[in-house]
Undergrad: 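Structure provided below as C-alpha cells; questions to follow.
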Amino acid sequence: MKETQGLAGVTAGDTAISTVGKSGVGLTYRGYDIHDLANHSSFEAVAYLLIYGELPDAELLKNYQEKLAKLRVLPEKVTACLNSIPESANPMDVLRTGISLLGTLEPENPESFDKIVSVAPLILLTWLKKQEIKLSEKSTAVYFLKALHGSSPDPFYSRALDISLILYAEHEFNASTFAARVTASTLSDVYSCITTGIGTLRGVLHGGANEEAMKLIQRFSDIHSAEQGVKKSLSEKKLIMGFGHRVYTKEDPRSAVVKELARKLADKTQQQNLFLIAEKIEQIMWTEKKLFPNLDFYSALVYHCMGIPTELFTPMFVISRVTGWLAHVREQRAHNKLIRPLANYIGPQPRSLPMQTT
Ligand code: COA
C-alpha cells in the first residue's frame, strides 16, 4: 500500500494540456515551454490556449479579452449575497460560494466557461470592496490591481501579476485539478467542478501554501533569526510552506521566474530585507533538506510587494487556475470514463453481529 499512498507516482489518465517535470524538470502548456509563455504571452492568451487548445492570434485574443470584459458582471443576487458575507470570512470560501450561487442563477450554458474565468476576480473584489465594480480593463491583471488599489497600476506591477497568473494557470493532475476531473467524470455541471477545485486548493499543502510562506517570511526580522527559526522548525519536523514538490525532483521551473520578479519588486518598494530573509530561508532549506522553493514561495513576496493582502494570495491562485480546471473539465468530458478507483481494504475480517442484549 505504501507505494500508492497519496497516489504518488501513479499515472491516473491521459492529458494533452500540460507536462510537469518530465525527467524531473520542466513545465509545458500544450507544448509551449512555460518560460516562453511567461516572457511573450499574456494571461488571457494562456487561458485561451489552455481551454480552447491553441494560442489565439491577435484578433482572436482581442475578441476573447473583450468577451471576458463584457461578461464581467454579476447578477444582483450574487452581489447582495457577497455583501452579506462577513469580512472575517475566508476569501476562498467567498469565491466558492460566489461561483456556487452563480450556478443556481445562471445554470451551465455555452458561455459558462468564459463567464467563470471572467467573474472570478469580480466575486472576490465585490466582497472585499462591498461596492459595485465597473471597470472595463481587458487585462485581468490591470483590472484586478486597479480595482484593489483604486488607481491605475504601475505597468511593472501589472506585468508581474500577469506573469504570475500565467505561471499559476495549469499544472497537470495536481490535487485540485484531479478533484475537478473526478467531479466532471460523473457528468456533473461545470460550477460543481469549479467549486470542487476551489475547496481542494484551499488547503495549506496545496494553494494555501503561498499565504503560509508569507507569514513565515514576515515572522523574521533579519537573516540570522530566519536561519535560527527555520533550523529550529526543521528540527521539530515542521513543514516549511512553499518548499518541496510531489513531482519535480530538481527544481520548480516557475520558481526562478517569480524569484526575479520578487527581487525587483522588493527593490522597487524598499523591502529588500524581506527578499534577503526569503533567500536565506531558501538557502537553509537547500543545505539542510535539499528542498527547493516551489512557485508559492516567491509568489508570496511578489504579491506582498504589490500590496495584495496575504489572505488574498490563494484566491489569486484561483483566479488563474480556473483556466486549468476548465481545460481539464473539457478534456475529461471529451473522453469521459467515470473515475472510480479501488481501495485496498485494511479493516476487520468478516464477523458476526454481537448478540442483542435488549
Ligand atoms: N518542509 C519540511 N520538510 C519537508 C517539506 C517541507 N516543505 N516537504 C517535504 N518535506 C520532507 C517530509 O517531511 C519528508 O521527510 P521524511 O522523509 O523525513 O518524512 C520528505 O521531505 C518527503 O516529503 P513528502 O511529504 O513525502 O513529500 P510529498 O510528495 O508527499 O509532499 C508536498 C509534497 C508539496 C505536499 C510537501 O513538499 C509539502 O508539504 N510542502 C509544503 C507545502 C507546499 O509548499 N505546498 C505547495 C506545493 S506546490
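Order of listing sets the numbers, starting from 1, for every ligand and every atom in it. As a basis for the values below, the full set of heavy atoms in this structure was taken, side chains included, without hydrogen atoms, waters or symmetry mates.
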Undergrad: I would like to know whether Asn210 and Thr314 meet side chain to side chain donor-acceptor pair (under 3.5 Å); could you show each step before the answer?
TA: CA-CA 7 Å; Asn210 56 11; Thr314 313; 3.1 Å; yes
Undergrad: Can you label the angle between the Phe275 ring and the Tyr298 ring as parallel, tilted or perpendicular, going by 30° and 60°?
TA: tilted
Undergrad: Heavy atoms only, cut-off 4.0 Å: how does Asp252 contact ligand 1, side chain, backbone, both, or neither?
TA: neither
Undergrad: Ignoring hydrogens, tell whether any protein atom lies closer than 4.0 Å to atom 23 (O) of ligand 1; use the non-hydrogen atoms only.
TA: no
Undergrad: Taking 4.0 angstrom as the limit, do Lys259 and Glu251 come out as a salt bridge?
TA: no
Undergrad: So which protein heavy atom does atom 12 (C) of ligand 1 come closest to, and at what separation?
TA: Leu239 CD2, 4.7 Å
Undergrad: Any protein heavy atom lying closer than 4.0 Å to atom 27 (O) of ligand 1?
TA: no
Undergrad: Going from CD1 on Ile17 to NE2 on His328, what distance comes out if it is rounded to the nearest 0.5 angstrom?
TA: 4.0 Å
Undergrad: How are the rings of Phe178 and Phe173 set relative to one another: parallel (under 30°), tilted (30 to 60°) or perpendicular (over 60°)?
TA: tilted
Undergrad: Which residue and non-hydrogen atom of the protein lie closest to atom 31 (O) of ligand 1, and at what distance in Å?
TA: Arg246 NE, 4.5 Å
Undergrad: Would you check whether Gly6 reaches within less than 4.0 Å of ligand 1, judged by its heavy atoms?
TA: no
Undergrad: Between Arg30 and Glu54, does any NZ, NE, NH1 or NH2 come within less than 4.0 Å of an OD or OE carboxylate oxygen?
TA: no
Undergrad: Measure from atom 14 (C) of ligand 1 to the protein's non-hydrogen atoms and state whether any distance is below 4.0 Å.
TA: no
Undergrad: Going by a strict under-4.0 Å cutoff (protein heavy atoms only), does atom 20 (C) of ligand 1 have a neighbour on the protein?
TA: no
Undergrad: Do Glu87 and Lys130 sit within salt-bridge range, that is, some charged N less than 4.0 Å from a carboxylate O?
TA: no
Undergrad: Is any NZ, NE, NH1 or NH2 atom of the basic residue among Lys264 and Asp267 found under 4.0 Å from an Asp or Glu carboxylate oxygen of the other?
TA: no
Undergrad: Which residue and atom name correspond to the protein heavy atom nearest atom 18 (O) of ligand 1, and how close is it?
TA: Lys289 NZ, 4.4 Å
Undergrad: Starting from atom 34 (C) of ligand 1, what is the nearest protein heavy atom, named by residue and atom, and what distance separates them?
TA: Gly244 O, 3.9 Å
Undergrad: Which protein heavy atom lies closest to atom 42 (C) of ligand 1, and at what distance to 0.1 Å?
TA: Met241 SD, 3.3 Å
Undergrad: Just which atoms of ligand 1 are under 4.0 Å from any heavy atom in Gly242?
TA: 43 (C), 44 (O)
Undergrad: Is there at least one protein heavy-atom neighbour under 4.0 Å from atom 45 (N) of ligand 1?
TA: yes
Undergrad: Please confirm whether Ala209 comes within less than 3.5 Å of ligand 1 when only nitrogen or oxygen atoms on both sides are compared.
TA: no
Undergrad: Have Asp114 and Tyr52 got a donor and an acceptor in their side chains that come within less than 3.5 Å?
TA: yes
Undergrad: At a 4.0 Å cut-off, with the gap strictly under it, does some heavy atom of Lys237 reach an atom of ligand 1?
TA: no
Undergrad: Could you grab the distance from atom NZ of Lys77 to atom CG of Leu82, nearest 0.5 Å is fine?
TA: 14.5 Å
Undergrad: Report yes or no: do Glu331 and Thr15 form a side-chain donor-acceptor pair below 3.5 Å?
TA: yes
Undergrad: So, are Glu212 and Lys215 salt-bridged, with charged N and O less than 4.0 Å apart?
TA: yes
Undergrad: Give the residue and atom name of whichever protein heavy atom lies nearest to atom 38 (C) of ligand 1, and the separation in Å to one decimal.
TA: Phe243 O, 4.0 Å
Undergrad: For atom 35 (C) of ligand 1, what's the nearest protein heavy-atom neighbour? Residue, atom name and distance, please.
TA: Leu205 O, 4.2 Å
Undergrad: I'd like to know if Arg202 and Asp93 make a salt bridge, using a cut-off of under 4.0 Å between side-chain N and carboxylate O.
TA: yes
Undergrad: For His171 and ligand 1, answer yes if some heavy atom of the residue is under 4.0 Å from a ligand atom, otherwise no.
TA: no
Undergrad: How close does the nearest protein non-hydrogen atom get to atom 9 (C) of ligand 1, and which residue and atom is it?
TA: Leu291 CD1, 4.0 Å
Undergrad: Going by the atom numbers of ligand 1, which of them fall below 4.0 Å from some non-hydrogen atom of His245?
TA: 37 (O), 48 (S)
Undergrad: Output yes when a protein non-hydrogen atom is found under 4.0 Å of atom 48 (S) of ligand 1, and no otherwise.
TA: yes
Undergrad: Any atoms of ligand 1 less than 4.0 Å from a non-hydrogen atom of Lys238? List them with their elements.
TA: 2 (C)
Undergrad: Assign the ring pair His171 / Tyr248 to parallel, tilted or perpendicular, where the plane angle (0 to 90°) is split at 30° and 60°.
TA: tilted
Undergrad: Within the 4.0 Å heavy-atom shell around Met285, which atoms of ligand 1 are there?
TA: 1 (N)
Undergrad: Measuring to protein heavy atoms, does anything land under 4.0 Å from atom 7 (N) of ligand 1?
TA: yes
Undergrad: So, is Ile240 polar-close to ligand 1, with some N/O to N/O distance under 3.5 Å?
TA: yes
Undergrad: Are any of the side-chain nitrogens in Lys231 or Glu227 under 4.0 Å away from the carboxylate oxygens of its partner?
TA: yes
Undergrad: Within ligand 1, which atoms have a heavy atom of His206 less than 4.0 Å away?
TA: 46 (C)
